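Report on the following structure.
Note that the structure is predicted; figures quoted are calculated from it, not measured. Starting from 1, each residue takes its place in the sequence as its number.
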Amino acid sequence: QVQVAESGGGMVQAGDSLTLSCIDSGPRFADHSMGWFRQRPGNEREGISCTTWNRKITYYATSVKGRFTISRDNAKSTLYLQMDSLQPNDTAMYYCAAVICGQRARPQLLYPESHQWGQGTLVAVSS
């Protein structure tokens with residue numbers, strides 16, 4: 001059963017900003033590390049950012065570091081991704097999930113065998 005819903009995507013121009021949201025309807029959002037993934041056209045889905053339940057650890061892939069900021073509101077069971085200085089190469093479907101989050105590696109799904117992806121939200125950046 002899918003329990004996350006992503007939103008906030010859109011069509012923007014290079015240099016613009018967007019903020020993505022992910023609402024988790026499951027009972028344990030506040031206990032989980034959460035992460036953002038994206039799937040660019042013709043590529044596999046990749047983890048790009050994550051944060052631990054207490055926000056003490058965050059990770060950013062090199063491709064987004066310095067431009068994207070992950071945050072969470074545990075009271076609202078919501079994960080955010082502030083995306084600044086968007087580039088055409090950021091064009092992708094964006095997804096969120098409960099993950100294993102460390103400082104030195106891309107996030108990995110916490111429940112890989114049972115995880116069901118949400119519908120995602122599309123970000124399209126034109127030059």
Side-chain angles (χ1 to χ4, degrees):
Q1 183 177 359
V2 179
Q3 64 179 35
V4 296
E6 302 91 347
S7 63
M11 298 180 65
V12 298
Q13 293 186 328
D16 285 350
S17 298
L18 282 174
T19 300
L20 306 184
S21 298
C22 164
I23 297 176
D24 188 335
S25 60
R28 300 187 60 189
F29 177 86
D31 297 331
H32 288 155
S33 297
M34 295 294 295
W36 286 99
F37 295 75
R38 72 181 181 186
Q39 187 166 17
R40 293 183 281 190
N43 289 277
E44 294 186 354
R45 193 158 13 211
E46 60 179 355
I48 58 170
S49 182
C50 63
T51 179
T52 51
W53 68 273
N54 57 5
R55 309 175 189 84
K56 287 189 176 181
I57 294 175
T58 56
Y59 166 88
Y60 297 97
T62 301
S63 58
V64 304
K65 195 170 187 178
R67 300 187 299 119
F68 291 9
T69 303
I70 192 170
S71 62
R72 64 189 297 163
D73 185 334
N74 287 341
K76 296 181 179 180
S77 295
T78 303
L79 181 73
Y80 302 99
L81 187 67
Q82 172 70 37
M83 306 187 296
D84 298 319
S85 302
L86 282 162
Q87 304 167 359
N89 202 37
D90 295 317
T91 295
M93 287 293 293
Y94 286 74
Y95 305 86
C96 65
V99 299
I100 299 170
C101 182
Q103 289 182 312
R104 294 183 176 85
R106 292 181 182 271
Q108 301 296 319
L109 289 175
L110 181 60
Y111 305 113
E113 294 185 353
S114 60
H115 180 73
Q116 290 183 295
W117 295 99
Q119 64 181 13
T121 187
L122 176 63
V123 174
V125 186
S126 60
S127 57

Taking only residues two or more places apart in sequence or in another chain, which ones pass ring-ring contact (aromatic ring centres under 6.0 Å, His included) with Y95? W117

Please determine, by modelled atom types, if Q3 and S25 share a side-chain donor-acceptor pair under 3.5 angstrom. no

Hydrophobic clusters here meaning ILVMFWY residues chained together by side-chain heavy-atom distances under 4.5 Å, can you tell me if V99 and Y60 are in one? no

Closest non-hydrogen contact found for P88 with A14 is CD-CB, 4.1 Å

A side-chain contact here means heavy atoms from C-beta on lying under 4.5 Å apart; do Y59 and I70 qualify? no

Just verifying a value: how many Å separate M11 CE and D16 CG, rounded to the nearest 0.5 Å? 12.0 Å

Are any of the side-chain heavy atoms of S33 and C50 separated by less than 4.5 Å? no

As an exercise, state the distance from OG of S71 to CG of L79, rounded to the nearest 0.5 Å. 7.0 Å

Should L20 and V123 count as side-chain neighbours, where that means a heavy-atom distance under 4.5 Å? yes

Which residues share a side chain to side chain donor-acceptor pair (under 3.5 Å) with N89, sequence neighbours left out: R40

To the nearest 0.5 Å, how far apart are OG in S49 and CE in M83? 11.5 Å

Under the ring-ring contact (aromatic ring centres under 6.0 Å, His included) test, which residues partner F29, sequence neighbours left out? none

For F37 against A97, the heavy-atom pair lying closest together: CE1-CB, 4.0 Å

Which side-chain hydrogen bond (donor to acceptor under 3.5 Å, both in side chains) pairs, counting each pair once, include a residue from residues 5-14, with sequence neighbours left out? none

Angle between ring planes, Y94 versus F68, binned at 30° and 60°: parallel, tilted or perpendicular? tilted

Nearest-0.5 Å distance, CE of residue M34 to OG of residue S77: 9.0 Å

With a 4.5 Å cut-off on side-chain heavy atoms, are I48 and W36 touching? yes

Between M93 and G120, the two heavy atoms sitting closest are CE-C, 3.7 Å

Side chain to side chain donor-acceptor pair (under 3.5 Å) partners for Q103, two or more places apart: none

If I compare all heavy atoms of G10 with all of L18, which pair ends up nearest, and what's the gap? N-CD1, 3.9 Å

Atom pair SG (C96) and CG (L81), whose distance is rounded to the nearest 0.5 Å: 10.5 Å

Quick check: do T69 and Y80 have side-chain heavy atoms less than 4.5 Å from each other? no

Do the non-hydrogen side-chain atoms of N74 and R55 ever get within less than 4.5 Å of each other? yes

Rounded to the nearest 0.5 Å, what separates atom CZ in R72 from atom CH2 in W53? 9.5 Å

Do R38 and D90 have side chains that approach each other closer than 4.5 Å (heavy atoms only, starting at C-beta)? yes

Write down the atom of T51, the atom of C101, and the distance for their closest heavy-atom approach. N-SG, 3.6 Å

Taking side chain to side chain donor-acceptor pair (under 3.5 Å) as the definition, give me every residue that meets it alongside S17, ordered by chain and number, with sequence neighbours left out. D84

